Amino acid sequence: MKKSVLIGPAIVILIWFLISNLNIVDKFFLPDPISTFKELFSLIFNGTILPDMVLTLERTISAFIIALIIGLPLGLILGSSRKLYESFEFVIDFFRSIPATAMFPLFLLIFGIEDKSKIGVAAFASVLIILFNTAYGVIHAKKSRALAAKLMGASKIQIFRFIYFWESLPQTFIGLRSALSMSLIIIVVTEMFIGTYAGLGRKIIDFQITYNITSLYAVILLTGILGYLINFIFIYTEKKLIHWSGK
Amino acid sequence: MKSIITIKNLKKNFNQKEVLQDISFKINEGDIVALIGPNGCGKTTILNILSKLIESDGGEFKINDFKQHDFSYIFQSYRDSLLPWKNIHENIAFPLKLQKKSNEEIERTISEIKQIFNLKIDLKRYPYELSGGQQQTVSFIRALINKPKILFIDEPFSALDYENNLLIRKCLQEYHLRYKPTVLIITHNIEEATHLANKIVIFSRPPTKIIKIIPNKEPYPRPNSFLKSEGFNKIKDEVLDAFQIGVNL
């Protein structure tokens, strides 16, 4: 990792430290970074936050996998025909324009107050992201390689399997990465609502209600770190799998 | 010699501008035909019409016993036709994979062609790890792997330095002597055309007409020493004269 990567976070923490210690914002509402990080380490190492973290991750990954199973093949099918995509373009854009959390009450009614509704609403938002990006990747794939394969005598199915699928992968992965981040965001938000006994979102609300502000910041920080790590692992995997991207 | 491609009064317009105007010529089985003409005269368009990538606006053409698997086309944009997610070995084997040939047959054919081209590239590398010239050589080999009866080549040597250019010309002749494909080459290089082709078709500026078809009866293989011979220079001068007529028309 380049040393320069640490400069940005160091500056942000320094500004945070100054604002808090110079009392620019009331210390009760903005505890200093040292006590926040201390609280974060104590929450992690005494194990109190780990079950919440695991549960949030489980829900996020479940939502993502469901979205992947539905969104990827649908995106490939819709992308394979411009006419087909155009027929569904309005529907996709319409649902993409609805904030996913606005659908949560509906999902609560359909799936009940337990995990299914949270996972369902996160999967719903992620499906649309994966579907849109995959279809876009196929539609805008370079035609020259497909043309070359056609001249080699490839059938339509072979062109799709050997060319378009691979051509669309860089764009598909952009969709998958955004979908995973979206799943985490929605899971954490929905955990703040009714029917949840554990999860990072639940903990944030609990600490807010009890005015345990340092712990509140610590969990927010932890959620951010988790999101960043998921993204980091995904980018690393993407670089290994789609080694040709941008070359 | 039996004719394999017959083109009769071929016409093509782009944006209501006439590009090809009644193009007619015949190509015999086993011919190497070079197409020469100024930029934009429709050389690539002729190959694209013959390979059914685009339709003509008039005239007709016939390719005897045409089978897609017996046909190869090396595009000018060689970078965009290699598959970057496959390594060089997989890229070369790709046309045979499409034909569902056995791994044994694929390996046998690759080593046959590799031998002709004296290929020294690590086959486990990916196209983006190769130089432009190496990529062009790989796309050349990939096009020959299915031993096509008809081969179209658009600007085959554009990314090669002169040394490798001469080497590929030599390999192409060896391949031609062994497998006897009918070859259509588009080139801007009169030396390349005179070296390789047994028939050189010279086109004018659009609306494009054929200025002259020049035969070159020198037998194959034509070594590099042929480039210094009187016969070579005579044909080259004839091509140049016809080319200048085409440009100034």
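Just so it is clear, the values below take in all heavy atoms, side chains as well, and ignore hydrogens, waters and symmetry mates. Naming convention: chains lettered A, B, ... in sequence-line order (proteins, then strands); numbering from 1 in each chain. A quick note: this is a predicted structure, and the numbers were derived from the prediction, not measured.
Atom CG of A:L151 and atom CG of B:N48 lie 8.5 Å apart (nearest 0.5 Å). Put simply, CZ on B:F75 and CG on A:L147 are 4.5 Å apart, with the number rounded to the nearest 0.5 Å. To the nearest 0.5 Å, atom CD of residue B:E129 and atom NE2 of residue A:H243 are 8.5 Å apart. The CG atom of B:L83 lies 8.0 Å from the CD atom of A:E167; values are rounded to the nearest 0.5 Å. The CG atom of B:L98 sits 9.5 Å away from atom CZ of A:R161, with the distance rounded to the nearest 0.5 Å.
Using a 4.5 Å cut-off on side-chain heavy atoms (C-beta onward), A:Q158 and B:K100 make contact.
The environment of B:K11 atom NZ is dense: over 12 non-hydrogen atoms of other residues, nucleotides or ligands sit within 6.0 angstrom. The neighbour count for B:K8 NZ, taken as heavy atoms of other residues, nucleotides or ligands under 6.0 Å away, does not exceed 12. For A:E114, the CD atom is loosely surrounded, since the number of other residues' heavy atoms within 6.0 Å does not exceed 12. Sparse packing is recorded around NZ of B:K170, with 12 or fewer heavy atoms of other residues, nucleotides or ligands lying under 6.0 Å away. Around NZ of A:K150, the count of heavy atoms belonging to other residues, nucleotides or ligands within 6.0 Å does not exceed 12. In this structure, B:F117 places its CZ atom where more than 12 heavy-atom neighbours from other residues, nucleotides or ligands lie under 6.0 Å away. Around the CD1 atom of A:I157, the shell of radius 6.0 Å holds no more than 12 heavy atoms that belong to other residues, nucleotides or ligands. More than 12 heavy atoms of other residues, nucleotides or ligands lie within 6.0 Å of OH in B:Y220, so this atom counts as buried by the packing criterion.
Contact annotation for B:D80: both backbone and side-chain heavy atoms come within less than 4.5 Å of a heavy atom of chain A. For A:A146, no part sits under 4.5 Å from any heavy atom of chain B, backbone or side chain. Contacts between A:I242 and chain B at a heavy-atom distance below 4.5 Å are absent for every atom of the residue. For chain A, the nearby parts of B:F71 are the backbone and the side chain; heavy atoms of each come within less than 4.5 Å. Looking at B:L53, the atoms closer than 4.5 Å to chain A (heavy atoms on both sides) all sit in the side chain, from C-beta outward.
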(request) Let me see the working for A:L169 and B:W85 under side chain to side chain contact (heavy atoms under 4.5 Å, CB included), right down to the final yes or no. (result) CA-CA 10 Å; A:L169 272 188; B:W85 49 88; over 6 Å; no
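The nearest pair of heavy atoms linking B:Q68 to A:G153 is CG-CA, 3.4 Å.
For the pairing with A:M152, the side-chain contact (heavy atoms from CB on, under 4.5 Å) check across B:S72, B:P95, B:S81 returns one residue only, B:P95.
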